[in-house]
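Read through the structure below, which is laid out as structure tokens, and then see the notes.
Numbered from 1 within each chain, the chains take letters A, B, ... in sequence-line order. Please read all numbers here as calculations on a predicted model, not as lab measurements.
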2 protein chains.
Amino acid sequence: MKYSNATNYALHTMVHIMRQSNGEPVGVQELAAMQKLSPTYLSKILTKLTKSGLIESTPGVKGGYKISRKQKEISFLDVIKSIEGDTNLFECSIHHEGCLIENVMRQAEDNMKQELENKLLIDIVRMAEEKQTGIQSQ
Amino acid sequence: MKYSNATNYALHTMVHIMRQSNGEPVGVQELAAMQKLSPTYLSKILTKLTKSGLIESTPGVKGGYKISRKQKEISFLDVIKSIEGDTNLFECSIHHEGCLIENVMRQAEDNMKQELENKLLIDIVRMAEEKQTGIQSQ
DNA sequence: TCAATTAAAGATAAATAGAGTCTTTAATAT
DNA sequence: ATATTAAAGACTCTATTTATCTTTAATTGA
Ligand code: SF4
Ligand code: SF4
């Protein structure tokens with residue numbers, strides 16, 4: 001059981017788009033080159049992010065992707081759900097009345113998800129920028 | 001990303017062995033029949049649990065599996081690690097200095113694992129037995 | 001209008017992991 | 001010795017993940 005690579009790519013892509021803070025959209029070529037991925041593959045990931053409303057795409061010349069308006073609220077969980085889907089890690093097909101095992105597994109998973117929901121992309125973008133500024137100012 | 005079915009089987013198997021509280025070992029046939037699995041398949045799961053020290057096996061006539069001596073300390077996490085392995089859900093091959101993304105993912109995962117470590121199998125076995133007693137006493 | 005650019009969608013293929021079976025080997029009790 | 005039981009290995013089947021290639025649709029700007 002692992003997060004897919006796509007989730008990793010999606011998180012890095014989101015951060016990169018957010019740091020590209022001049023309103024210009026970023027093209028898939030640039031985003032793919034940065035992560036050494038094929039543009040067509042990353043394109044599928046970007047399409048998922050677009051459908052989830054986390055980024056907005058414009059086709060055509062000067063088109064590309066930019067972060068959605070709700071930029072300041074996007075959490076890690078939002079990105080993960082967009083790529084991995086919104087299902088539970090532990091699913092039992094039976095669902096007995098008052099099941100104790102599933103309860104425990106769900107509670108634990110919720111703890112992880114809550115942390116992922118509380119962590120916003122914008123926070124780590126800011127931290128990364130501060131760090132960079134710190135280095136530059138020396 | 002999902003827990004494997006094997007993890008579900010392992011949890012149920014552990015609970016069943018623990019409830020079989022007369023010191024007799026339980027055979028794989030019984031455990032497999034209960035969950036409608038093939039004995040050879042469940043056998044692989046049981047071997048993993050044995051290698052992790054959660055249960056003890058004895059071959060031969062009247063052999064089978066019984067819970068390990070540290071019965072009262074076995075957590076959900078112990079069982080899950082035995083089946084899924086002890087790796088992280090999110091792994092980045094690069095490991096940049098002061099990586100922010102991996103930090104967040106790890107912290108969230110640790111929250112899940114902590115909950116799974118705090119929940120002991122013996123607790124839910126007791127709860128299940130209390131519930132059954134309640135029903136029988138009516 | 002037309003050509004260049006860019007995202008979206010679909011078909012397909014390769015690689016990996018998960019689920020499961022079958023057969024052989026080793027250990028144990030009677 | 002023989003029956004019984006776990007362990008191990010080879011193997012198959014299926015689903016998912018990763019990835020590529022091709023076609024279609026939308027947009028800009030000359
Ligand atoms: S007890 Fe819970 S997890 Fe187990 S089979 Fe019933 S519903 Fe599923
Ligand atoms: S920033 Fe962290 S997660 Fe991203 S590539 Fe570097 S080490 Fe990996």
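Electrostatic pairing of A:R69 and A:E56 counts as a salt bridge here, judged by a charged N lying under 4.0 Å from a carboxylate O. Between A:E130 and A:R126 there is no salt bridge, since none of the side-chain N atoms of the basic residue sits less than 4.0 Å from a carboxylate O of the acidic one. B:E109 has a carboxylate O that lies under 4.0 Å from a charged side-chain N of B:K113, or vice versa, which qualifies the two as a salt bridge.
Comparing C:dA9, C:dT6, D:dT18 against the side chain of A:Q29 picks out C:dT6 as the nearest.
Look at CD1 on B:I45: it is 8 Å from P on C:dG20, rounded to the nearest Å.
Taken from OG1 in A:T13 to CD1 in A:I45, the straight-line distance is 6.5 Å, to the nearest 0.5 Å.
Judged purely by distance below 3.5 Å, without hydrogens or angles, the side chains of B:K119 and B:S75 never pair a donor atom with an acceptor atom. In this model, a donor atom of one side chain and an acceptor atom of the other lie less than 3.5 Å apart for B:H95 and B:E102.
Taking side-chain N and O atoms only, A:T47 has a distance below 4.0 Å to OP1 or OP2 of C:dA8.
Nearest-nucleotide positions on DNA chain C place A:V28 closer to the 5' end than the other of A:V28 and B:K2.
Residue contacts shown for B:Y3 are absent, as no nucleic acid heavy atom lies under 4.0 Å away. As judged by a 4.0 angstrom heavy-atom cut-off over every strand, B:K51 is placed among residues touching the sugar-phosphate backbone only.
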*Take nucleotides 20-30 of chain D nucleotide by nucleotide from the 5' end and write B, S or -, depending on whether a protein heavy atom sits under 4.0 Å from the base, only from the sugar-phosphate, or from neither.*
BB----BBB--
